[in-house]
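Scroll down for the structure; my scribbles are underneath it.
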Amino acid sequence: MAPLTYLSFSLLTLGVPALALAATTDRTRLRRTLVAVTVLATLTTVYALPWDGYLIREGVWFYPTDAVVGRIGYTPFGEFAFFFLQPLLTGLLFSRLFAGVAADVPKAPFPAKPVGAGGWFALALAGGALLSVPGGYYLGALLLWVCPLCGLLWAFGGHVIWQQRRVVAHSALLVTGYLLVVDWLALILGIWVVSPAHTLGLVAAGIPLEEALFFALTTLLVVQALCLLAWVAARTGADRLIWSELTKRLYSRLNLTSVGEIMARRREHRHLAEWAALVGVPVPEEKRAQPDTGE
């Protein structure tokens, strides 16, 4: 008999540390983190639910009846709490270590996007092959599920992840280490049970290899996604500042008094470089060929 339900266990082991971190985080940083985590947790939950429910149905892992207070489909309420609290805890810790990222990130010393994406997609293919290996079902399903997402992140912003590799690695290692302790406790207390028939049998300190990789890969996915979200926010903010300054200069220098006039000018000068030359606002080199999409 499990001494705690899965839901109460998730709230205790993830919710309490997350609250402690939130209480000691400044409001601006906390607000940004909560927005990013909410978006990310919603997307990952929608993506994970079919996969999670399928593996529960197949018996890859299961939960004792007394550890479950309710389900939606095959997924216990505690799983939903875990889906949200893991990114929240990860995001709050990441925000402590993350010093920020510039809008303009230099290229990596190697083709980071194709190399990184290719490596992750190769792991996904390996996961597909493991599905037919005795005991490889859990690991294969895990790689096939999480690696394509990591590959897409690298295809989008591999050079950014490479530049931020130290904070990404430190954040992922710290959170993964804590989650492994949580997993060890859950296995000892019988909160969840992993099927030996679907694992390779490689166990360290009572934790199956598949469980360790699950928490490591999902945490790494969250950290990389948060890093790229910060980069996108920085780029969006920089672009808005540039266009705002351009518009102010246009109004003052060209005496434009209506929205129609400003839009007409934007149709004539469709690139930032042309606007910069017109009103004297410096624009970063890599943005000079950027088209105006503001029509």
Kindly give the heavy-atom pair with the smallest separation between [X] and [Y], and that separation in Å.
X	Y	answer
L88	A18	CD2-CB, 4.0 Å
G140	L131	C-CD2, 3.8 Å
A112	H159	CB-N, 3.8 Å
G59	H198	O-ND1, 3.8 Å
T33	S95	OG1-CB, 3.5 Å
V105	V101	CG2-CG2, 3.8 Å

Does the side chain of [X] reach to within under 4.5 Å of the side chain of [Y], using non-hydrogen atoms?
X	Y	answer
Y54	Y74	no
W192	L187	yes
D104	R235	yes
L14	L179	yes
L139	T199	no
V182	F9	yes
Y178	L89	yes
W162	P109	yes

Nearest-0.5 Å distance, [atom1] of residue [X] to [atom2] of residue [Y]:
X	Y	atom1	atom2	answer
L12	L85	CG	CG	11.0 Å
L213	I207	CG	CD1	11.5 Å
L142	E211	CG	CD	9.5 Å
D66	Y6	CG	OH	15.0 Å
L221	L152	CG	CG	10.0 Å
Q86	T218	CD	OG1	4.0 Å

Considering residues, nucleotides and ligands other than W51, do more than 12 of their heavy atoms fall under 6.0 Å from its CH2?
yes

Is it the case that more than 12 heavy atoms not belonging to R32 sit under 6.0 Å from its CZ atom?
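Atom CZ in R32 is not crowded, with 12 or fewer foreign heavy atoms closer than 6.0 Å.
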
Should the ring pair F214 and Y138 be called parallel, tilted or perpendicular, given that the plane angle runs from 0 to 90° and is split at 30 and 60?
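Tilted: the ring planes of F214 and Y138 meet at 30° to 60°.
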
How are the rings of F98 and F94 set to each other: parallel, tilted or perpendicular (split at 30° and 60°)?
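Answer is parallel, since the angle falls under 30°.
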
Walk me through whether R96 and T24 qualify under side chain to side chain donor-acceptor pair (under 3.5 Å).
CA-CA 10 Å; R96 296 293 187 89; T24 55; 2.4 Å; yes

Is the closest side-chain donor-acceptor distance between E79 and Y63 under 3.5 Å?
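Side chains of E79 and Y63: pair found under 3.5 Å.
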
Is the ring centre of F156 less than 6.0 Å from the ring centre of W231?
yes

Do [X] and [Y] sit in the same hydrophobic cluster, where Ile, Leu, Val, Met, Phe, Trp and Tyr count as joined when their side-chain heavy atoms come under 4.5 Å apart?
X	Y	answer
L185	V193	no
I72	F83	yes
L209	V203	no
L180	V175	yes
L229	L43	no

Should V146 and L123 be marked as a side chain to side chain contact (heavy atoms under 4.5 Å, CB included) after you check the CA-CA gap, both sets of side-chain angles, and the distance that decides it?
CA-CA 10 Å; V146 73; L123 285 174; over 6 Å; no

Run the numbers on T45 and F84 for side chain to side chain contact (heavy atoms under 4.5 Å, CB included), then give the verdict.
CA-CA 8 Å; T45 298; F84 181 78; 5.8 Å; no

Short question: side chain of Q224, backbone of V168 - any donor-acceptor pair under 3.5 Å?
no

Working note: C227 + V160, criterion side chain to side chain contact (heavy atoms under 4.5 Å, CB included); need CA distance, chi angles, decisive distance, verdict.
CA-CA 8 Å; C227 182; V160 179; 4.1 Å; yes

Could you please spell out the steps behind the side chain to side chain contact (heavy atoms under 4.5 Å, CB included) verdict for L34 and R31?
CA-CA 5 Å; L34 288 177; R31 183 169 57 250; 5.9 Å; no

